[in-house]
J.: 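Let me begin by handing over the structure; questions about it come next.
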2 protein chains.
Amino acid sequence: MTDELSHQGYRMTPQRLMIVAAVENSSNHISADEIYSQVVAKYPNVNVSTVYRTLELLERLGLVTKTDLGGGRVMYHPVEKGHHHHLVCKECGAIIDLDESALMPLKESLLHQYQFIADLRHLGILGVCVNCRQQTPKKPAESQQGE
Amino acid sequence: MTDELSHQGYRMTPQRLMIVAAVENSSNHISADEIYSQVVAKYPNVNVSTVYRTLELLERLGLVTKTDLGGGRVMYHPVEKGHHHHLVCKECGAIIDLDESALMPLKESLLHQYQFIADLRHLGILGVCVNCRQQTPKKPAESQQGE
DNA sequence: CTTGTAGTTGCAAATATTTGCGCTTAAAGG
DNA sequence: CCTTTAAGCGCAAATATTTGCAACTACAAG
C-alpha cells in the first residue's frame, strides 16, 4: 500500500507508514481505535484524527474498505486481502461470513439498470440469524427470561 | 404507530406521541435532529436522548427503518409508508431511489442459503453514479479545479 | 545541503449518538 | 381519586468520528 501512496504523490510520513502497517498486519478486520493503540505505542504523540484521516485516504484510494459490523465500531480491511461480506444478527450480534459472489448479481443489475457502480466489496448486512428466529422482541412487562 | 405502542404495553407519554407524530408526518425521511427541533418547539424541555431512545424503540418494534444516506445524519422512515432503497453516490452525494424489489433476489438467497432473515427494507447502497464515473479521485498535486 | 511550499499533523472543539443514574410520571388497582 | 411502581425522562458525561486552524515537515528544486 505504501508504494501505491507514494506513486500517487502522497507523502510518506512515519505516521502513515505505521498506520498502513497496522492495517496490513491485521489478520482480518481492525478498528480505528486498535490502529491508534498500536501506533501510539511507538509514536506516543500521534493523534487519533491522523488515524481517521489516513484511513479515509486509504479508503478513497480504494486500498481499504470500511464496514459497520455493529457494536459501535467501524472496521477496516485491506482490499488486497480479498473481498467478503458479513451477515450481522441484530439480536445476538453473531457474524456470519459471506462470499463476495453472493452480491455479484445485485452489483450487475445495479450497473445495467442504473449505470451505478455499487461499492459492494465488504458489506455488513443486518438481520436475524437462525438461532434468534423464534424469539420475539421483549416487551416491557413480560421481561421474565426469554431463553 | 401509537396504537401499536400501547397495545405492546408501552406507555404513551406526550414525548412519544410527538416523536411518533413527527415521523409519521414526515414526507419521506427525517433525521433525529429534525424530529428534535419539531418536538422542542412545543415541549421546550424534552431532551435529544429521548428522541433517540424512542426511535430505537420504534425501530426495534419494526415500525421505522434507520438508514445511513451519507452526510453524517442517519435518516428514519416509517415502515408503513412503503419500502425502498437508495443508491448514494460517494463523489457527488446524489441519491437515486430504488424499488424494494431490487433486493428481493438477495433476500431470498440469504434466507435459503443461510436461514438468515436479512433486514433489507430500506438500504443506502454506496457507489459511484453515472455522472461521476469518468472523474478520477483527486490527487494532491493536481488539485487544479475539478468542480 | 538549504530552502520554499503544499501536504500533513496535532490540538481542541464540534458533531452525532449512546448511556448511567436519580427523579418523574403513566397507568393499573384499590 | 389516591397509591404504587416500574417504565420513561432529563441531565450530564462518555463514545466514536469529524473538522478548522495554526504549526510542522516531506520532498522537489536550487
Side-chain angles (χ1 to χ4, degrees), chain A residues 2 5-20 29-37 39-40 42-61 64 66-76 137-144, chain B residues 2-3 5-20 29-37 39-40 42-61 64 66-76 93 124 137-145:
Chain A
T2 55
L5 277 180
S6 53
H7 283 160
Q8 302 253 351
Y10 293 97
R11 284 196 201 156
M12 293 315 304
T13 64
Q15 292 92 327
R16 279 187 181 163
L17 288 173
M18 297 194 62
I19 293 167
V20 167
H29 305 108
I30 189 166
S31 68
D33 197 58
E34 289 171 307
I35 296 172
Y36 177 61
S37 303
V39 176
V40 155
K42 296 181 191 172
Y43 275 69
N45 64 323
V46 294
N47 195 276
V48 219
S49 61
T50 302
V51 174
Y52 280 107
R53 276 192 274 237
T54 301
L55 287 170
E56 190 197 334
L57 173 62
L58 295 175
E59 199 207 350
R60 188 148 34 82
L61 296 178
V64 307
K66 183 181 179 182
T67 306
D68 187 356
L69 296 182
R73 280 206 225 335
V74 168
M75 300 303 261
Y76 295 86
K138 49 193 169 190
K139 300 177 189 177
E142 61 177 271
S143 31
Q144 303 286 74
Chain B
T2 54
D3 283 3
L5 276 180
S6 54
H7 283 162
Q8 301 253 353
Y10 293 97
R11 284 196 202 158
M12 292 316 303
T13 64
Q15 291 92 328
R16 280 188 181 163
L17 288 172
M18 296 194 62
I19 294 168
V20 167
H29 305 108
I30 190 166
S31 67
D33 198 57
E34 289 170 309
I35 296 171
Y36 178 61
S37 303
V39 175
V40 155
K42 295 182 192 171
Y43 275 69
N45 64 323
V46 295
N47 195 275
V48 219
S49 61
T50 300
V51 173
Y52 280 106
R53 276 193 274 236
T54 300
L55 286 171
E56 191 198 331
L57 172 63
L58 294 174
E59 200 207 349
R60 187 149 35 81
L61 295 179
V64 307
K66 183 181 178 181
T67 306
D68 187 355
L69 296 182
R73 281 208 225 336
V74 168
M75 299 303 260
Y76 296 86
K138 48 195 167 189
K139 300 176 188 178
E142 60 177 90
S143 36
Q144 301 288 75
Q145 23 188 323

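Computed from heavy atoms alone, side chains included, the values below leave out hydrogens, waters and symmetry copies. Every chain is numbered from 1 and lettered A, B, ... according to where its sequence line falls, protein lines coming before strand lines.
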J.: Would you mind reading off the distance between A/Glu56 atom CD and C/dT9 atom C1', rounded to a whole angstrom?
T.: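 A/Glu56 atom CD is separated from C/dT9 atom C1' by 14 Å.
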J.: Nearest 0.5 Å, please: how far is OH in A/Tyr76 from OG1 in A/Thr54?
T.: 10.5 Å
J.: Less than 3.5 Å between a donor and an acceptor, one on the side chain of B/Arg11 and one on the base of D/dG8, is that the case here?
T.: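 No such pair is found, so the answer is no.
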J.: Side-chain N or O of B/Thr13 less than 4.0 angstrom from OP1 or OP2 on D/dC9?
T.: yes
J.: Give the rounded distance in Å between these two atoms: CZ of A/Arg73 and P of D/dT15.
T.: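 Interatomic distance, CZ of A/Arg73 to P of D/dT15: 10 Å.
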J.: By nearest heavy atom, map B/Ala32 and A/Thr54 onto DNA chain C; which one lands nearer the 5' end?
T.: A/Thr54
J.: Whole angstrom is fine here: how far is it from CZ in B/Arg53 over to P in C/dT19?
T.: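 Value for this atom pair: 10 Å.
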J.: Starting from P on C/dA28, measure out to NE2 on B/His7 and report it in whole angstrom.
T.: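 Answer to the nearest Å: 12 Å.
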J.: In whole angstrom, what separates B/Asn47's CG from C/dT25's P?
T.: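 Taking atom P of C/dT25 as the reference, CG of B/Asn47 is at 15 Å.
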J.: Please round to the nearest 0.5 Å and tell me the distance separating atom CE of B/Met12 and atom CG of B/Asp3.
T.: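 Spacing of CE (B/Met12) from CG (B/Asp3) equals 8.5 Å.
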J.: Could you tell me how far apart A/Tyr36 (OH) and D/dT17 (C1') are, to the nearest whole angstrom?
T.: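 Value for this atom pair: 14 Å.
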J.: Find out whether A/Lys66 and A/Leu55 are in side-chain contact, i.e. whether some heavy atom of one side chain is under 4.5 Å from a heavy atom of the other.
T.: no
J.: Determine the contact category for A/Val48: base if any of its heavy atoms lies under 4.0 Å from a base atom, sugar-phosphate if only primed atoms, P, OP1 or OP2 are that close, otherwise nothing.
T.: nothing
J.: Assess, by modelled atom type and distance only, whether the side chains of A/Ser31 and A/Asp33 contain a donor and an acceptor separated by less than 3.5 Å.
T.: no
J.: Rounded to whole angstroms, how far apart are CD on B/Gln8 and P on D/dA7?
T.: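 Taking CD of B/Gln8 and P of D/dA7, I get 15 Å after rounding.
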J.: Would you mind classifying the nucleic acid contact of B/Asn45 as base, sugar-phosphate or nothing, using non-hydrogen atoms under 4.0 angstrom?
T.: sugar-phosphate
J.: Can you tell me if the side-chain N/O atoms of A/Gln15 get under 4.0 Å from OP1 or OP2 in C/dG10?
T.: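 Checking A/Gln15 against C/dG10: at least one side-chain N or O falls below 4.0 Å of OP1 or OP2.
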J.: How many angstroms lie between CG in B/Asn45 and CD in B/Gln15, if you round to the nearest 0.5 Å?
T.: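 Answer for the CG-CD pair, B/Asn45 versus B/Gln15, is 7.5 Å.
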J.: With respect to the side chain of B/Tyr52, which nucleotide from C/dT17, C/dA12, C/dT8 is positioned closest?
T.: C/dT17
J.: Counting side-chain heavy atoms from CB outward, which of D/dC9, D/dT19, D/dT17 is closest to A/Val74?
T.: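 That would be D/dT17.
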J.: Out of C/dT9, D/dC11, D/dC27, which has the shortest distance to the side chain of A/Met12?
T.: D/dC27
J.: How many whole angstroms separate atom OH of B/Tyr10 from atom P of D/dG8?
T.: 7 Å
